[in-house]
Amino acid sequence: MHSRRHFLKTTALAAVGAPLMAHLPWQAIPYTVIKLRRDVGIFFERGGTIGWYMRKGESALVDAQYPDTAEHLVEALELTKGQKADVLWNTHHHGDHTAGNVFLQEYSSKIVAHEQVPVLQREQIESRRGDEDLAVYADTTFSDTYQLVVGKEKITGYHYGPGHTGGDSIVHFEKANVVHMGDLIFNQVYPYIDYGGGADLEQWVGHLAEIEATFEKDTQFIFGHSDSPELVTGTIEDIVTKRTYLEQLISTVENAKKEGMSKAQIMEIPPFDENRRELWDGAWKHNLDAAFTLMG
Ligand SMILES: [Zn+2]
């Protein structure tokens with residue numbers, strides 16, 4: 001029994017990089033917790049990457065994933081209802097970032113988001129039967145920036161304008177110099193572009209350029225999505241790569257339109273970036289469709 005436990009524990013730890021915790025050692029741990037810098041880290045399981053700050057019982061959470069994975073987060077960070085997180089932040093309205101609000105609300109003093117987030121989230125929930133239970137919305141909203149101090153960390157969120165959706169914000173843990181980018185970055189994979197939910201490709205490019213000019217080489221970034229725990233964090237170089245990809249997507253589709261190509265022909269354009277992968281089947285075609293819809 002002992003050696004079997006030890007083996008599984010070692011295997012689980014090897015699979016998760018640098019985990020913060022190692023309880024449940026005899027089960028396959030379905031999630032990954034990585035401490036990045038100072039008291040800031042990530043939780044990776046299903047849905048958008050969660051960012052967290054945790055120091056001596058004071059905590060802040062960025063994004064909520066789903067109710068079942070949010071329960072794992074609570075377990076991993078040892079959150080309690082008696083000592084709630086000072087803030088749960090929703091970077092945007094998508095269900096894989098907000099559905100866990102329903103579980104996390106009892107562990108959070110307030111839920112903060114850009115003012116468009118509850119509006120878009122309500123539309124999303126009302127359009128899908130069976131999602132009514134997930135109607136837990138930010139109670140504190142802002143239009144441009146929002147700041148708070150949690151423990152020894154100063155946290156500032158910024159909304160630059162429409163990008164991935166109409167209500168994205170990024171969250172800067174200033175002391176640690178870690179920025180949660182929400183879904184403005186799908187790292188090394190094709191992005192989801194929510195043109196029904198207020199996305200704007202050209203403005204998205206502009207926001208990334210502004211972020212490149214604002215933060216430093218030393219800034220560590222958390223990304224909403226990629227295909228492994230190691231790839232949901234990175235540097236300003238990853239922001240540049242993503243901006244360049246979006247610029248190329250826009251010019252590819254704009255040029256095709258200028259040449260008089262039909263939508264059907266545009267949808268057959270092969271990928272220009274062979275290193276970029278699909279998180280779901282049809283992701284590249286979705287990018288073409290979104291660019292076709294949004295651009296001139
Ligand atoms: Zn999203």
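Both ligands and their constituent atoms are indexed starting at 1 by order of listing. In this text the structure is predicted, and so the values were computed from the model without any measurement.
Checked against side chain to side chain donor-acceptor pair (under 3.5 Å), D200 has the following partners two or more places apart in sequence or in another chain: Q203. For R128, the side-chain contact (heavy atoms from CB on, under 4.5 Å) partners are Q124, D131, not counting sequence neighbours.
Looking at heavy atoms from C-beta onward, E210 lies out of side-chain contact with Y158 at the 4.5 angstrom threshold.
Because the distance cut-off is set at 2.8 Å, H164 qualifies as a neighbour of the Zn ion (ligand 1) through one of its N, O or S atoms. Residue H97 does not count as close to the Zn ion (ligand 1), with no N, O or S atom under 2.8 Å.
The nearest N/O/S atom of H94 to the Zn ion (ligand 1) is ND1. Of all N, O or S atoms in D183, the one lying closest to the Zn ion (ligand 1) is OD2.
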### Step-by-step ring pair (Phe, Tyr, Trp, His ring centres under 6.0 Å) determination, F103 to Y66
CA-CA 8 Å; F103 187 82; Y66 297 100; over 10 Å; no
